[in-house]
Visitor: 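Dropping a structure here in C-alpha cells format, bear with me for questions.
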Amino acid sequence: MREWMVERRARTKQLIELGGLVVKAGLVDLTDDDRTTLYGAFIAIARKLEGEDRDQVLALWKRSGKRAFEAEAEQQKHIASRSHEDSRQ
C-alpha cells in the first residue's frame, strides 16, 4: 500500500475517533448539533490551553477523562455480567 494511503487512513481513523469523543461527551446533543457552537467551544478550549495555567488545566481534564473512561468501562463490565447471568437462566 502506498505511503500516502496509509497516512490518509490513519488521519481518517483519528478524525473518526475525535468525532466519537465529541459525541461521547454529549456535546452534540447539548448543542443540538450546532457546528458553530461546537467550533466556538473548541476555540475557547484552545485559548484556555494558551494561558499560564495550561499544565493545571491539562492535568484536571486528563483526570476527569480518565475517570469517565474508567466509569464507562465498569458500567460495560456490569452490563456484560448481567447479560451473561440472564443468558444462563
Side-chain angles (χ1 to χ4, degrees):
M1 188 177 302
R2 296 178 185 222
E3 184 179 337
W4 67 268
M5 289 176 73
V6 172
E7 290 172 0
R8 182 175 175 204
R9 286 185 179 176
R11 177 73 173 144
T12 299
K13 181 178 186 253
Q14 178 190 35
L15 293 173
I16 290 168
E17 289 173 345
L18 291 171
L21 290 174
V22 172
V23 172
K24 186 182 285 257
L27 294 173
V28 174
D29 291 336
L30 291 169
T31 62
D32 294 325
D33 198 10
D34 183 332
R35 312 293 167 88
T36 305
T37 301
L38 287 168
Y39 187 42
F42 295 140
I43 290 170
I45 291 168
R47 287 188 183 138
K48 184 79 170 168
L49 293 176
E50 292 171 344
E52 294 177 10
D53 58 345
R54 170 189 168 83
D55 293 336
Q56 294 84 0
V57 169
L58 284 173
L60 173 68
W61 290 345
K62 187 171 191 169
R63 281 193 307 270
S64 178
K66 183 177 184 217
R67 281 191 293 248
F69 275 132
E70 289 170 350
E72 181 181 341
E74 188 63 32
Q75 182 181 17
Q76 291 299 323
K77 186 174 152 185
H78 180 70
I79 290 169
S81 172
R82 288 186 59 192
S83 176
H84 178 71
E85 288 175 8
D86 291 346
S87 69
R88 290 176 38 195
Q89 293 178 352

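In this chain, residues are counted from 1 in sequence order. Computation of the quantities below employed the complete heavy-atom set of this structure, encompassing side-chain atoms and omitting hydrogens, waters and symmetry-equivalent molecules.
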Visitor: Under the rule for salt bridge (charged side-chain N to carboxylate O under 4.0 Å, His left out), what residues qualify as partners of R47, not counting sequence neighbours?
Guide: none
Visitor: Show which side-chain atoms of residues 12-21 pair as donor or acceptor with protein atoms under 3.5 Å away, not counting sequence neighbours.
Guide:
| unit_1 | atom_1 | unit_2 | atom_2 | d |
| --- | --- | --- | --- | --- |
| T12 | OG1 | R8 | O | 2.9 |
| K13 | NZ | E17 | OE2 | 3.1 |
| Q14 | OE1 | R11 | NH1 | 2.8 |

Visitor: Which atom pair, heavy atoms only, marks the closest approach of K48 to D53?
Guide: NZ-OD2, 3.6 Å
Visitor: May I ask you to list the residues sharing a hydrophobic cluster with L30, side-chain cutoff 4.5 Å, ordered by chain and number?
Guide: none
Visitor: Which Ile, Leu, Val, Met, Phe, Trp or Tyr residues join I79 in one cluster when any pair of side-chain heavy atoms under 4.5 Å counts as a link?
Guide: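 Listed partners: none, I79 stands alone.
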Visitor: Would you say that E7 contacts E3 through its side chain, given a criterion of any heavy-atom pair below 4.5 Å between the two side chains?
Guide: yes
Visitor: Which value, rounded to the nearest 0.5 Å, describes the distance between L27 atom CG and D32 atom CG?
Guide: 12.0 Å
Visitor: Can you tell me how far apart CD1 (I43) and CD1 (I45) are? Round to the nearest 0.5 Å.
Guide: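 Spacing of CD1 (I43) from CD1 (I45) equals 10.5 Å.
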Visitor: Would you please name every residue forming a side-chain contact (heavy atoms from CB on, under 4.5 Å) with V23, sequence neighbours left out?
Guide: V28
Visitor: My understanding is that only residues two or more places apart in sequence, or in another chain, count here; which of them pass side-chain hydrogen bond (donor to acceptor under 3.5 Å, both in side chains) with D34?
Guide: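 Counting only residues at least two positions away or on another chain, D34 forms a side-chain hydrogen bond (donor to acceptor under 3.5 Å, both in side chains) with T37.
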Visitor: Using residues 55-78 as the side-chain source, report each donor-acceptor pair under 3.5 Å to any protein atom, sequence neighbours left out, with the distance given to one decimal.
Guide:
| unit_1 | atom_1 | unit_2 | atom_2 | d |
| --- | --- | --- | --- | --- |
| E72 | OE1 | K24 | NZ | 2.8 |
| E72 | OE2 | K24 | NZ | 2.7 |

